[in-house]
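Quick notes on the structure that follows.
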Amino acid sequence: MARSHIVVHGRVQGVGFRATTKQIAEQLELKGWVKNKSDGSVEIEAEGDAANLKEFVDQLNEGPTPFAKVQAIDIEDFDSEEGYKKFKVKE
């Protein structure tokens, strides 16, 4: 199992980004969380199959909602030890 810490920059708050991110993660059988950061970016921690994580990042990069505009994605990959039970949206 692989895990990634992801920060997405751009117009990603107030456009349904977190809810859509959760849907994509669940479709790809990933676990973890997504939350807004005070600087306007969105922070994600996701774990699961490495190929599914790559697909997840690819879909995020496309801007998963019509109003989102992704400018950059920072990714830090590491081996998973957390063992999340589901994917959730954090407030």
Side-chain angles (χ1 to χ4, degrees):
M1 186 179 303
R3 182 165 45 144
S4 294
H5 180 260
I6 304 162
V7 179
V8 184
H9 304 273
R11 187 172 60 221
V12 292
Q13 290 191 13
V15 293
F17 194 92
R18 290 179 300 158
T20 305
T21 296
K22 181 179 187 287
Q23 289 175 342
I24 295 168
E26 289 172 342
Q27 288 170 357
L28 294 171
E29 300 179 352
L30 300 177
K31 313 286 191 240
W33 51 264
V34 58
K35 71 176 184 175
N36 285 340
K37 293 181 62 173
S38 60
D39 66 0
S41 65
V42 170
E43 182 177 16
I44 303 163
E45 193 157 299
E47 66 182 14
D49 178 77
N52 288 0
L53 269 174
K54 182 189 179 317
E55 174 64 24
F56 179 65
V57 172
D58 288 347
Q59 289 190 40
L60 292 178
N61 199 33
E62 292 172 10
T65 72
F67 300 108
K69 181 162 176 52
V70 175
Q71 294 175 336
I73 297 181
D74 300 326
I75 304 168
E76 181 183 350
D77 296 323
F78 44 97
D79 291 332
S80 181
E81 297 176 8
E82 186 68 30
Y84 295 110
K85 293 181 176 25
K86 62 181 182 175
F87 197 94
K88 66 181 180 177
V89 175
K90 288 185 172 183
E91 295 301 322

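Counting begins at 1 with the first residue of the sequence.
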Practice prompt. Decide whether Gln23 and Gln27 meet the rule of one side-chain donor and one side-chain acceptor closer than 3.5 Å.
Written response: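 Judged by distance alone, the side chains do not pair up.
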Fill in: Check: Asp39/His9 side-chain N/O donor and acceptor closer than 3.5 Å
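Per modelled atom types, Asp39 and His9 side chains form no pair under 3.5 Å.
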Worksheet item: Among Ile75, Ile73, Thr20, Val12, whose side-chain contact (heavy atoms from CB on, under 4.5 Å) with Leu60 holds?
Response: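 One option only clears the test, and that one is Ile73.
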Judged by atom type as modelled, is there a donor-acceptor pair below 3.5 Å linking the side chain of [X] to the main-chain atoms of [Y]?
| X | Y | result |
| --- | --- | --- |
| Glu76 | Val7 | no |
| Glu29 | Gly48 | no |
| Ser41 | Lys37 | no |

Separation between [atom1] of [X] and [atom2] of [Y], rounded to the nearest 0.5 Å:
| X | Y | atom1 | atom2 | value |
| --- | --- | --- | --- | --- |
| Glu45 | Lys90 | CD | NZ | 7.5 Å |
| Ser38 | Glu43 | OG | CD | 10.0 Å |
| Leu30 | Glu55 | CG | CD | 10.0 Å |
| Leu53 | Asp58 | CG | CG | 11.0 Å |
| Met1 | Asn52 | CE | CG | 11.0 Å |
| Thr21 | Lys35 | OG1 | NZ | 14.5 Å |

Verify the cluster assignment for [X] and [Y]: are they in a single hydrophobic cluster under the rule of side-chain heavy atoms below 4.5 Å apart?
| X | Y | result |
| --- | --- | --- |
| Phe17 | Trp33 | no |
| Ile6 | Leu28 | yes |
| Val89 | Val8 | yes |
| Val57 | Phe87 | yes |
| Val34 | Val70 | yes |

Worksheet item: Should Glu91 and Arg18 count as side-chain neighbours, where that means a heavy-atom distance under 4.5 Å?
Response: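 Yes, close enough: below the 4.5 Å cut-off.
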Item to complete: Taking all heavy atoms of Gly63 and all of Ala68, pick out the closest pair and write down the distance.
Response: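 Nearest heavy atoms, Gly63 then Ala68: CA-CB, 4.4 Å.
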Item to complete: Please name the pair of heavy atoms, one in Phe78 and one in Ser4, separated by the smallest distance, quoted to 0.1 Å.
Response: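 Looks like CE2-C, 4.5 Å.
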Item to complete: Show your reasoning for whether side-chain contact (heavy atoms from CB on, under 4.5 Å) applies to Arg3 and Lys31.
Response: CA-CA 9 Å; Arg3 182 165 45 144; Lys31 313 286 191 240; over 6 Å; no
